[in-house]
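Here the structure is laid out as structure tokens; the discussion comes afterwards.
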Amino acid sequence: MASSILSGADNFKLLSGISPSGSSFLGSELHLKCLPQKGFVNFRATRTLRPTKCSLSASRPASQPRFIQHKKEAFWFYRFLSIVYDHVINPGHWTEDMRDEALEPAELHTRNLQVVDVGGGTGFTTLGIVKHVDAKNVTIIDQSPHQLAKARQKEPLKECKILEGDAEDLPFPTDTFDRYISAGSIEYWPDPQRGIKEAYRVLTIGGVACVIGPVYPTFWLSRFFADVWMLFPKEEEYIEWFKKAGFTQVKLKRIGPKWYRGVRRHGLIMGCSVTGVKPYAGESPLQLGPKVEDVSKPVNPFVFLMRFLLGIMAASYYVLVPIYMWLKDQIVPKGQPI
């Protein structure tokens with residue numbers, strides 16, 4: 001079995017990188033045509049965990065403005081998107097088959113597990129969780145009351161605890177949950193590393209965190225709109241965030257709509273499921289500085305409006321991409337690349 005070190009994930013060793021087709025996985029920058037589009041990557045720490053100090057929590061570079069990667073813009077973005085989210089967005093980017101496949105690594109094997117769904121939104125992912133876990137043991141948290149209103153209307157979620165809250169500052173005691181699930185939320189976190197650190201904190205020892213999110217595009221036009229809209233991490237960034245937070249047994253599983261036929265150059269709003277295990281009780285060994293974003297700070301209304309509108313325009317591109325890929329799937333004969 002071939003093995004390699006994934007770029008950006010120092011001190012980690014590839015234990016199993018075999019895709020269903022039998023080829024080894026080498027990382028997001030190299031898988032355009034010659035490498036498999038789905039599969040697992042398994043990482044294990046090769047050194048003792050030590051507290052990692054950062055003077056200030058990392059922020060996005062200025063070259064990638066990501067106009068909806070602020071809590072205030074995201075709040076209003078979902079104020080309107082919540083109306084059509086389950087009927088317009090999910091069918092193109094986050095299907096039931098994808099959801100069930102992405103949740104498999106979370107190991108939801110026991111109905112009495114205590115599970116938190118962070119950024120649970122309308123409850124679409126939670127519906128997949130309660131197939132395996134009793135709803136009374138599931139907590140949904142999201143910053144958007146409009147999204148949560150949709151979740152409350154779903155009958156299978158009536159017994160779930162539903163709260164408003166911040167993924168980067170969860171209102172739960174340390175060592176509370178057996179499983180941490182977050183799907184389609186990390187792309188709106190101003191500070192993803194802080195959110196992953198919180199995932200570590202709220203889990204019990206041996207608990208599993210599962211973060212499902214976008215992957216960065218390689219096609220130039222898709223890359224441009226991705227950088228304008230929100231956070232599209234590279235696969236190695238997910239691994240690095242989990243590693244720094246203190247997780248072990250880190251794995252990355254690639255997912256995507258069936259009609260994409262494995263194509264990932266346009267990026268995917270739901271492109272991977274990353275899991276890690278909490279090895280020790282207590283808080284994460286990672287030490288971060290103060291939050292980068294202060295949501296209580298007044299904003300210039302004109303600047304806010306311009307950011308919001310530009311973000312909406314970029315998001316519209318990604319509503320069209322799955323339609324384009326679906327049409328190509330219908331036209332191009334099966335077995336031929338699209």
Side-chain angles (χ1 to χ4, degrees), residues 6 8-9 12 14-20 25 27-28 31 35-44 89-90 92-109 113 115-121 123-133 138 140 167 177-189 192 195-196 199-200 203 207-217 230-243 245 247-258 260 262-264 267-278:
L6 186 65
F12 273 74
L14 182 64
L15 299 181
S16 61
I18 300 298
S19 73
F25 170 82
S28 65
H31 60 66
L35 295 177
Q37 304 303 321
K38 287 189 178 182
F40 271 108
V41 188
N42 189 357
F43 293 84
R44 181 179 65 195
I89 302 301
N90 283 341
H93 296 284
W94 187 220
T95 65
E96 290 187 15
D97 288 343
M98 289 174 62
R99 178 191 65 194
D100 294 342
E101 184 181 1
L103 287 174
E104 284 180 8
E107 300 179 359
L108 302 172
H109 301 325
L113 289 171
V115 181
V116 60
D117 184 4
V118 176
F124 180 79
T125 301
T126 324
L127 290 174
I129 295 172
V130 298
K131 288 182 179 180
H132 310 283
V133 179
V138 178
I140 308 172
F177 297 100
D178 302 304
R179 297 291 184 270
Y180 170 104
I181 310 291
S182 182
S185 180
I186 192 172
E187 55 265 39
Y188 302 108
W189 300 354
I196 301 297
Y200 186 101
L203 281 171
V208 177
C210 177
V211 174
I212 305 160
V215 291
Y216 195 62
M230 61 182 186
L231 176 67
F232 279 72
K234 296 179 181 178
E235 291 176 341
E236 54 265 35
E237 288 182 298
Y238 283 104
I239 301 302
E240 182 180 10
W241 292 329
F242 269 71
K243 166 193 128 177
F247 285 103
T248 60
Q249 302 180 44
V250 179
K251 299 178 183 179
L252 186 150
K253 180 179 183 179
R254 290 174 174 172
I255 58 174
K258 292 180 180 178
Y260 276 53
V263 172
R264 299 170 74 82
L268 290 162
I269 292 179
M270 293 293 196
C272 66
S273 173
V274 186
T275 52
V277 177
K278 179 176 179 175

So, taking the atom named CZ in Phe232 and the one named CG in Leu268, what distance separates them when rounded to the nearest 0.5 Å? 8.5 Å

Can you find a pair of side-chain heavy atoms, one from Pro105 and one from Lys251, that are under 4.5 Å apart? no

Tyr200 backbone acceptor or donor facing Lys278 side chain under 3.5 Å: yes

Using side-chain heavy atoms (C-beta onward) and a distance below 4.5 Å, is Asp100 in contact with Lys131? yes

Could you go through the side chain to side chain contact (heavy atoms under 4.5 Å, CB included) check for Ile196 and Tyr180 one step at a time? CA-CA 10 Å; Ile196 301 297; Tyr180 170 104; 5.9 Å; no

Verify side chain to side chain contact (heavy atoms under 4.5 Å, CB included) between Ile212 and Leu103, making sure each step is shown before the conclusion. CA-CA 9 Å; Ile212 305 160; Leu103 287 174; 4.2 Å; yes

Distance from Ile129 atom CD1 to Ile140 atom CD1, nearest 0.5 Å? 8.0 Å

Looking at every non-hydrogen atom in both residues, tell me the closest pair between Asp117 and Ser182 and how far apart they are. OD1-CA, 4.4 Å

How far apart are the closest heavy atoms of Met98 and Pro257, and which atoms are they? SD-N, 3.5 Å

Evaluate Glu96 against Phe124 for side chain to side chain contact (heavy atoms under 4.5 Å, CB included), listing each step before the verdict. CA-CA 9 Å; Glu96 290 187 15; Phe124 180 79; 3.9 Å; yes

Does a side-chain heavy-atom distance below 4.5 Å link Val211 with Ser185? no

Which value, rounded to the nearest 0.5 Å, describes the distance between Ser273 atom OG and Ile255 atom CD1? 6.5 Å

Tightest non-hydrogen contact, residues Val215 and Cys272, listed as CG1-SG, 3.8 Å

When rounded to the nearest 0.5 Å, the distance separating OG1 of Thr275 from OH of Tyr238 is 13.0 Å

Does Lys253 use its side chain to pair, donor to acceptor, with the backbone of Glu101 at less than 3.5 Å? yes

Side-chain touch Trp94/Thr125, heavy atoms, less than 4.5 angstrom: yes

Is Arg179 reaching over with its side chain to a backbone N or O of Leu108, donor-acceptor style, under 3.5 angstrom? no

Glu104 side chain vs Ala102 backbone, donor-acceptor pair below 3.5 Å: no

Just one of Phe247, Phe242, Trp241 clears the side-chain contact (heavy atoms from CB on, under 4.5 Å) bar with Val274, so which one? Phe242

Please step through side chain to side chain contact (heavy atoms under 4.5 Å, CB included) for the pair Leu127 and Arg99, ending with a clear verdict. CA-CA 9 Å; Leu127 290 174; Arg99 178 191 65 194; 3.6 Å; yes

Any chance you could measure Glu237, atom CD, to Ile186, atom CD1, to the nearest 0.5 Å? 9.0 Å

